[in-house]
Amino acid sequence: MKIDNLIDFIDLDEVVNLTGWIDNIRDHGGLTFIDLRDFTGNIQLVYDKSLDVNDNLKNEYYISISGLFKKRDDSLINPKIFLGDSEIQVSSLEVISESKTLPFQIENEIDTDENIRLKYRYLDLRRNSMKVNILTRSKTFKSIRTIMNNLKINEIDTPTLIKSTPEGAKDFIVPSRKSPSNFYALPQSPQMYKQLFMMAGFPNYYQIAKCYRDEDSRKDRQPEFTQLDLEFADANPEIVKTNVETIVQFVFQDAYDCNIQTPFKTLSYTDCINLYGTDKPDLRIKETLIDITDIFSNTNINFLKNIIDDEGLVKGLHSKNTLTRKQIDSLDSEIKDLGATGLGWLKVDSGKISGPLSKLLNENEISKILEFGEGTLLFQAGKLENIAKYLDIIRRSIFKTSTDEVYSFVWIEDFPYFEYENDQLQPSHHPFTSPKDDDVFKEDPIKSTALHYDLVLNGVELGSGSQRINNPQIQKIVLEKWGLSQDEINERFGWFIEALSYGTPVHAGFAIGIDRLVAEVLNQPSIRDVIPFPKTQSGHDPLTNAPANIDEHTLEEYNLKYINKDE
């Protein structure tokens, strides 16, 4: 019997049999009290010294007990806990398995190094808070499959040993013993395969897919992650977004017992950057960026004048609160660490302006700044694409989220097709995204807009999708603009372009990061807290010590060898 089944025995003096871990032991002279814990809950055990019980019991011993299920005396009832009005008078107790001294206590609130928790993850998962996280993840999977069945969307799996193709992040490479010096890759996503299903004539597809990217881990990234993958034939972005909203609304109601409103809000990429400094805005923060370039149109402040003359902007945020110098210095250091030249600021207090630039202000600037009222004006100057990320940090640092809504969803669309990263042109989404206008794309790809849409929840990018290219000529142009030679296109993507050449329907899809979704719903600081066996920020697994060396004999079977082994 499980502990949560005992609720059916309230007021019944029946003998019950339970197994579980010793959570706590209290010796009160003639009586001993034990808190027994299993995966469903806790119950208090009590027995007296006359019972023939091992006196060397310790926390986390796994035991089996038999005893009488009783109501506690009124004075001993604990109304704050499940079954706090009940206990079991033990008649027999058997130790099934002993436990070594624990590396940390099995408690919800523990201050233990994460590496230690991950090394002993099986113990960490005994904690109730972690149990809730993993069970919520399980409920999410069940709800997804339920709504997919309701919508008649087909669950089809894709291979995990594929050909390496550039998709933005680095691949995990898998050597082939049967084909020396050749390698598979693990999929960064099932992108091309799910498109192949549409070419093959399936009306739709979904998969709860494992994906792999050899990139630096962050609180919202892991080398191995799980996503809900979707694709629809004869579809456009609006059809996909409507389906996604239906799915998300159902999962929130079914798995999280939470009602959310649809349709979700929609913002263009351009408006996002102008209003929030990011394409992942948290709309629970109501304050937006303000353009104060006009205030400094005739400024005597040389660096601002030079930026404005070079077609730059001055954008800021006004806080009605007067920030302390410590708060300002902290923000200044944070954005400088990310590459900013510094934080511009002016305070208005009792009708007087202070700050490093206050003595350089002319009368017109003073008048316009005073119109903001009391508080602190923080700003950045430069090209918007260069200063936006600093403004985003400032906005999220100085303003609080509104309590009007717990979950704020927004679609972001009309992304530029290409962007520059490290002076290299690359698609802002992935190279299989369809441009919004083929003619504009062919004429000037840099000015082209992508049929790409992101779903953002509380400032977290929950997922991305797009209408896909179904024209092999357009697909070739994208890859050429990406910088691939004809030989590279044929070698890496020739098979896919060939598949596009046999009458491909218009199709579109989406992928939701399930780890990110569960972490946001549970308000967890990192997706590592909702993944059963995650990696550390460096990609290491403390539990199994992976990645690990492989002996030379095994490497030789794969026609591999160590490089600089002794260094």
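This one's a predicted model, so the numbers in the text were calculated from it and none came from an experiment.
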Can you tell if the side chain of [X] reaches within under 4.5 Å of the side chain of [Y], non-hydrogen atoms only?
X	Y	value
K476	Q473	no
Y390	L338	yes
D124	I116	no
L228	F141	no
K241	P263	no
W411	V244	yes
I247	L151	yes
T158	Y205	yes

Quick one: pull up [atom1] in [X] and [atom2] in [Y] and give me the separation to the nearest 0.5 Å.
X	Y	atom1	atom2	result
C211	Q222	SG	CD	13.0 Å
K347	R325	NZ	CZ	7.5 Å
T322	D349	OG1	CG	5.0 Å
D279	D414	CG	CG	13.0 Å
K194	M192	NZ	CE	11.5 Å

Residue that, paired with H452, satisfies ring pair (Phe, Tyr, Trp, His ring centres under 6.0 Å) out of F415, Y269, F418, F510: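 So, applying the ring pair (Phe, Tyr, Trp, His ring centres under 6.0 Å) to H452 and each of F415, Y269, F418, F510, only F415 qualifies.
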Residues [X] and [Y]: side-chain donor-acceptor under 3.5 angstrom:
X	Y	answer
D229	Q227	yes
S466	R468	yes
Q486	E480	yes
T226	K210	yes
Q195	Q191	yes
D454	S464	yes
S164	D171	yes
T536	S538	yes
E405	S402	no

For [X], does the [atom1] atom sit with more than 12 other heavy atoms under 6.0 Å from it, leaving out its own atoms?
X	atom1	result
K219	NZ	no
D214	CG	yes
K447	NZ	no
E311	CD	no
K359	NZ	no
K305	NZ	no
K131	NZ	yes

Evaluate the salt bridge (Lys or Arg N to Asp or Glu O under 4.0 Å) criterion for residues D332 and K336: first the C-alpha distance (whole Å), next the side-chain angles of each, then the deciding distance (0.1 Å), finally the verdict. CA-CA 6 Å; D332 182 59; K336 277 182 176 177; 3.2 Å; yes
At their closest point, which heavy atom of [X] faces which heavy atom of [Y], and how far apart are they?
X	Y	answer
L230	M148	CD2-CE, 3.4 Å
V460	E520	CG2-OE1, 3.4 Å
L317	L391	CD1-O, 3.7 Å
F493	L484	CE1-CD1, 3.8 Å
P435	S448	CB-OG, 3.7 Å
G344	Q380	N-NE2, 3.9 Å

Derivation of the side chain to side chain contact (heavy atoms under 4.5 Å, CB included) call for D541 and F533: CA-CA 8 Å; D541 177 9; F533 296 99; 6.0 Å; no
Check whether [X] reaches the backbone of [Y] with its side chain - one donor and one acceptor, N or O, closer than 3.5 Å.
X	Y	result
E488	S485	yes
T376	L323	yes
T293	V314	yes
N108	N128	yes
Q475	P431	yes
T433	H429	no
T246	T242	yes
T299	I301	yes
R395	L289	no
T504	L500	yes

Do the side chains of [X] and [Y] get close enough for a salt bridge, i.e. N-O under 4.0 angstrom?
X	Y	result
E491	K163	yes
K442	D438	no
D291	K315	no
R127	E107	no

Mind checking whether F172 and Y212 have parallel, tilted or perpendicular rings, split at 30° and 60°?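 Correct class here is perpendicular.
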Are the aromatic rings of W482 and Y417 close, with centres under 6.0 Å apart?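 Ring-ring flag for W482/Y417: false, centres at least 6.0 Å apart.
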Under 6.0 Å between the ring centres of F496 and F432? yes
Going through the distances and angles, do D515 and R528 end up as a salt bridge (Lys or Arg N to Asp or Glu O under 4.0 Å)? CA-CA 8 Å; D515 312 305; R528 293 190 294 276; over 6 Å; no
Would you check, one step at a time, whether the test salt bridge (Lys or Arg N to Asp or Glu O under 4.0 Å) holds for R516 with D220? CA-CA 6 Å; R516 291 184 182 184; D220 62 349; 3.7 Å; yes
The test is side chain to side chain contact (heavy atoms under 4.5 Å, CB included); show your working for I497 and L479 and say whether it passes. CA-CA 11 Å; I497 293 172; L479 298 173; 4.1 Å; yes
Determine all donor-acceptor pairs shorter than 3.5 Å in which one atom belongs to a side chain in residues 250-260; sequence neighbours excluded.
unit_1: D254; atom_1: OD2; unit_2: S143; atom_2: OG; d: 2.5
unit_1: Y256; atom_1: OH; unit_2: T140; atom_2: OG1; d: 2.7

